[in-house]
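Encoded as structure tokens, the structure appears first; notes follow it.
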Amino acid sequence: MPAPSTHPPGVILLSGGLDSAVTLAVARRDGFTPHALSFDYGQRHRHELDAARRVAESLGAASHRTLSVDLRAVGASALTADLDVPKDRDPSAPGIPITYVPARNLIFLSLATALAEAVGASDLFIGVNAIDYSGYPDCRPEFIKAFQRAATLGTRAGTDDARPLRIHTPLIDFSKATIIRLGASLGVDFSLTHSCYDPDARARACARCDSCQLRRRGFEEAGIPDPTVYAHQPVPS
């Protein structure tokens with residue numbers, strides 16, 4: 001009979017993007033056995049699910065699940081409805097962009113909490129960022145703190161078992177360039193990741209959506225070559 005692992009389990013939300021890949025690498029670095037969780041939610045950029053599988057395998061996730069939650073029935077987002085993805089927008093402009101998916105992280109964290117209970121994990125990792133991001137309200141520290149308390153109150157693990165959930169946000173105060181440098185130091189293969197909101201049929205990035213702009217600028221500022229395959233050569237910033 002094999003000896004039990006000395007590494008505690010941790011659930012990592014893995015979209016297949018740059019930030020979630022680095023978050024998975026951080027969880028491994030910090031001694032957790034990572035159980036990756038991805039979502040097929042009807043997103044137009046479903047190519048990210050292929051990237052998530054590649055990243056989970058590359059970084060040695062102990063398990064990788066993909067749950068189907070069709071948020072197209074809710075709509076109201078350019079990622080899940082027949083709405084144009086904004087291009088050439090300043091990602092730091094005030095206001096919440098149309099690429100915001102209503103309550104997405106609230107839904108995803110709820111399901112991740114369920115998985116954490118199932119695998120006996122007290123630790124959940126999410127790659128939210130409050131510096132280089134598009135202004136989504138469910139990426140803010142206040143939201144994460146509030147959800148952590150709600151999850152502890154609403155689960156058997158947090159009440160009967162006195163095992164409160166800890167939500168780790170290791171990238172929340174980092175710039176995109178800092179995230180990229182960290183990932184590079186941890187051996188993340190960024191060519192496996194996918195960030196574009198509006199890729200073409202060959203999964204090539206558009207270079208013009210908020211996510212592409214933030215990613216490209218991050219590589220430039222980090223001084224690390226950008227491995228992204230673009231449908232059209234981006235204009236240098």
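Just so you know, residue 1 is the first one in the sequence shown, and it goes up from there.
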* **Joint cluster assignment, I126 & V119, ILVMFWY side-chain distance < 4.5 Å** =>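 As far as the 4.5 Å side-chain criterion goes, V119 and I126 are connected within one cluster.
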
* To do: Check whether L165 and I172 end up in the same hydrophobic cluster, where Ile, Leu, Val, Met, Phe, Trp and Tyr are linked by side-chain heavy atoms less than 4.5 Å apart.
  =>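 Same cluster.
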
* Give the minimum heavy-atom separation between A151 and T155, together with the two atoms involved. =>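 Minimum heavy-atom contact is O-OG1, 2.8 Å.
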
Hey, is the main chain of [Y] close enough, under 3.5 Å, to the side chain of [X] for a donor-acceptor pair?
{"X": "R140", "Y": "P137", "answer": "yes"}
{"X": "N129", "Y": "I131", "answer": "yes"}
{"X": "D138", "Y": "N105", "answer": "yes"}
{"X": "T228", "Y": "Y230", "answer": "no"}
{"X": "H194", "Y": "H47", "answer": "no"}

What do you reckon, is [atom1] of [X] surrounded by more than 12 foreign heavy atoms closer than 6.0 Å?
{"X": "D90", "atom1": "CG", "answer": "yes"}
{"X": "K87", "atom1": "NZ", "answer": "yes"}
{"X": "D88", "atom1": "CG", "answer": "yes"}
{"X": "R46", "atom1": "CZ", "answer": "no"}

Can a side-chain donor-acceptor contact be found between [Y] and [X] if the only test is distance below 3.5 angstrom?
{"X": "T193", "Y": "R215", "answer": "yes"}
{"X": "S211", "Y": "S195", "answer": "no"}
{"X": "R104", "Y": "Y41", "answer": "yes"}
{"X": "S110", "Y": "T113", "answer": "no"}
{"X": "H168", "Y": "D123", "answer": "yes"}

Is any side-chain heavy atom of [X] closer than 4.5 Å to a side-chain heavy atom of [Y]?
{"X": "I179", "Y": "D19", "value": "yes"}
{"X": "R44", "Y": "T80", "value": "no"}
{"X": "L109", "Y": "L124", "value": "yes"}
{"X": "R204", "Y": "P199", "value": "no"}
{"X": "L171", "Y": "F174", "value": "yes"}

* Please lay out, stage by stage, how D70 and R72 fare under the test salt bridge (Lys or Arg N to Asp or Glu O under 4.0 Å). => CA-CA 5 Å; D70 194 351; R72 290 175 298 182; 2.9 Å; yes

* To do: Could you check F190 against D226 for side chain to side chain contact (heavy atoms under 4.5 Å, CB included), going step by step and ending with a plain yes or no?
  => CA-CA 8 Å; F190 291 115; D226 181 359; over 6 Å; no

* To do: Step by step, work out the side chain to side chain contact (heavy atoms under 4.5 Å, CB included) result for K176 and L18.
  => CA-CA 9 Å; K176 193 68 72 178; L18 186 155; 4.2 Å; yes

* To do: Could you label the plane-to-plane angle of the F108 and F39 rings as parallel, tilted or perpendicular, counting under 30° as parallel and over 60° as perpendicular?
  =>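 Parallel: the ring planes of F108 and F39 meet at under 30°.
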
* **OG1-OH distance between T99 and Y197, expressed to the nearest 0.5 angstrom** =>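 Answer for the OG1-OH pair, T99 versus Y197, is 5.0 Å.
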
